[in-house]
Amino acid sequence: MISRYNIVGIFFLVLVSIVVTIEGRSITQFLTQKSKGTKWAVLVAGSNGWTNYRHQANVCHAYQILKDGGLKDENIIVFMYDDIANNTENPRPGVIINNPHGHDVYKGVPKDYVGDDVNANNFFNVILANKSGVVGGSGKVLKSGPNDHIFIYFTDHGAPGVISMPYNEVIYAHELVNMLKKKHASGTYDRLVFYLEACESGSMFDGILPKGLNIYAMTASKPDEDSYGTYCGESTPVDSCWGQCPPPEFKGVCLGDLFSVSWMEDSDVQDRKTNSVHQQYSRVAKRTASNLTYHNYGSHVQEYGDKVVSFDPLAAYMGETSKNHRHNSVGAKSFSTSSSRNVDQRSTELFYLFTKHQNAPEGSDEKYEAHVKLNEVMSQRIQVDSNVKHLGDLLFGVEKGIEVLHSVRPAGKPLVDNWDCLKSYVKIFETHCGRLTVYGRKHVRGIANICNAGITSEKMAAMSAQACSS
């Protein structure tokens with residue numbers, strides 16, 4: 001005779017089996033974490049320049065985590081411009097740190113793709129293992145097999161539907177997702193985890209990354225939300241840094257990004273064999289959003305794709321925590337966003353210039369140059385905002401223009417219905433109004449909404465020319 005408790009137990013197992021099977025994996029796969037296969041990682045810092053210190057610091061720290069977790073250099077592919085460690089402004093030549101008390105994370109990092117070799121073409125061809133398509137660099141590609149696990153970490157500036165590469169090159173969401181679909185179709189991985197640090201990073205996957213690819217994506221922010229730099233150096237009389245601040249010599253730069261240091265400092269101290277990706281998501285989401293209630297200096301971490309993949313242990317992608325972990329964050333568990341100065345990513349250049357101006361001696365050339373540059377950047381921001389507003393007024397009327405351009409689609413719906421239209425209209429706008437900067441790209445949402453409204457390319461061109469003629 002079957003007891004009541006056995007019946008409940010059998011029902012529970014059947015229910016779990018159904019849920020897991022729906023997500024694309026059998027109950028056996030779920031309960032028996034496969035140990036076979038190779039761990040691969042691709043780490044990308046998509047920016048350059050001293051004011052973007054944090055992106056390369058993030059990637060270097062991520063490399064140390066993976067290396068100490070047992071991944072081999074032959075299976076870790078690094079993209080970074082490599083102009084930070086030996087930058088003339090670096091107060092610690094040859095050294096990069098990722099938190100106020102951190103060790104040097106630059107030492108030993110492979111220089112697979114540096115300088116101009118950090119570009120979208122190489123990134124895509126590396127992921128797809130298309131060695132013949134790679135130009136420059138080490139030539140290392142992601143030669144994964146069907147049983148392998150892949151971890152991709154991309155840190156950079158972003159905007160609605162786009163992430164950046166150096167020198168204003170952008171990658172659109174549909175291009176990124178199409179590349180991931182091709183990787184899946186090649187049958188060259190078992191499961192893939194993608195962490196993305198960028199403003200509006202959720203827009204790269206929301207409503208566009210399909211289920212069934214065995215891909216799980218975690219993003220720093222919602223589709224309509226900034227991400228934040230953290231451990232930002234230098235205080236001002238009205239907005240002081242207190243608690244976990246960078247060493248005083250790091251004036252005007254952020255040592256890391258909030259989402260990024262959250263997952264990396266978590267990886268530094270957790271047992272990766274017993275902690276799942278999902279558990280990390282929960283802790284990182286809590287930390288990254290902790291300042292929203294009082295200061296609005298945080299973001300909502302999002303997850304997309306096949307969420308069942310997130311129940312895999314961290315070790316499946318990052319390796320096991322080394323007993324002799326040399327690069328762990330001192331006191332990482334005690335760090336909190338409320339004890340660090342955070343700056344939204346689009347304001348980091350202004351933060352740097354303002355700090356430089358404040359610290360330069362009165363009457364010096366340095367102070368004058370910082371003042372001129374600060375005014376130039378502010379003027380560019382005001383101009384692009386004005387141009388886009390004028391364009392909206394011309395297309396939709398003064399009363400409706402701002403409403404249409406700033407409209408945000410509901411969760412689960414992609415930024416734009418026609419991605420080719422978006423790419424085309426961005427080019428049209430830039431032809432008449434000038435190249436969009438990191439700040440200006442926030443208006444890509446407005447251009448997407450112009451596409452969604454059915455405006456013809458002829459009208460877009462004519463109205464862009466008129467809006468930006470003055």
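With contacts defined as side-chain heavy-atom distances shorter than 4.5 Å, the pair D268/H61 qualifies. Counting heavy atoms from C-beta on, the side chains of L436 and V170 never come closer than 4.5 Å. In this structure the side chain of R54 never reaches within 4.5 angstrom of the side chain of C232, judged on heavy atoms. Between Q302 and D206 the shortest side-chain heavy-atom distance does not fall below 4.5 Å. Side-chain contact between I450 and F429 is absent, with no heavy atoms from C-beta onward closer than 4.5 Å. Residues L66 and L43 meet the side-chain proximity criterion, which asks for heavy atoms closer than 4.5 Å. Between M80 and V109, some side-chain heavy-atom pair lies under the 4.5 Å cut-off. Counting only heavy atoms from C-beta outward, the side chains of D73 and Y63 approach each other to under 4.5 Å.
In the model, W40 has a side-chain atom that pairs as donor or acceptor with a side-chain atom of D148 under 3.5 Å. A donor atom on one side chain and an acceptor atom on the other are not found under 3.5 Å apart for Y172 and D420. Side-chain atoms of S227 and Q345 include a donor-acceptor pair closer than 3.5 Å. Side-chain contact, Y317 with Y153: no donor N or O sits under 3.5 Å from an acceptor N or O. A donor-acceptor contact closer than 3.5 angstrom is absent between the side chains of K222 and S299.
In summary, D224 and R445 do not engage in a salt bridge, as defined by a charged side-chain N under 4.0 Å from a carboxylate O.
When all heavy atoms are compared, the tightest approach of G94 to Y106 is O-CD2, 3.5 Å. Residues Y228 and D344 come closest through the heavy atom pair CD2-N, 3.2 Å. In this structure, H174 and I208 approach most closely via the heavy-atom pair CA-CD1, 3.5 Å. For the pair Y216 and K307, the tightest heavy-atom approach, listed with the atom from each and the gap, is CD1-CA, 3.9 Å. Closest non-hydrogen pair, K67 versus I76, comes out as N-CD1, 4.2 Å. The two atoms that bring E303 and Y281 nearest to each other are OE2-CE2, 3.4 Å, heavy atoms only.
Exactly one of I150, L176, L209 qualifies for a side chain to side chain contact (heavy atoms under 4.5 Å, CB included) with F194. That residue is L176.
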Between N52 and H157, is a side chain to side chain donor-acceptor pair (under 3.5 Å) present by the stated rule, with each step listed? CA-CA 9 Å; N52 293 317; H157 289 288; 2.8 Å; yes
Please step through ring-ring contact (aromatic ring centres under 6.0 Å, His included) for the pair Y231 and F250, ending with a clear verdict. CA-CA 10 Å; Y231 301 141; F250 285 90; over 10 Å; no
After noting the C-alpha distance and the side-chain angles of S407 and N449, does the key distance pass the side chain to side chain donor-acceptor pair (under 3.5 Å) rule? CA-CA 7 Å; S407 175; N449 289 336; 4.8 Å; no
Given salt bridge (charged side-chain N to carboxylate O under 4.0 Å, His left out), test E200 with R441 step by step and report yes or no. CA-CA 11 Å; E200 286 94 15; R441 288 194 199 111; over 6 Å; no
Report the C-alpha distance between F79 and Y113 in whole Å, list the side-chain angles of each, state the deciding distance to 0.1 Å, and finish with yes or no for ring-ring contact (aromatic ring centres under 6.0 Å, His included). CA-CA 5 Å; F79 286 78; Y113 298 91; 4.6 Å; yes
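In this structure a side-chain-to-backbone donor-acceptor pair under 3.5 Å is missing from D266 to Q280.
For F151 and W263, the ring centers sit closer than 6.0 Å to each other.
Atom-to-atom distance recorded for L128:CG and S144:OG is 9.5 Å, nearest 0.5 angstrom.
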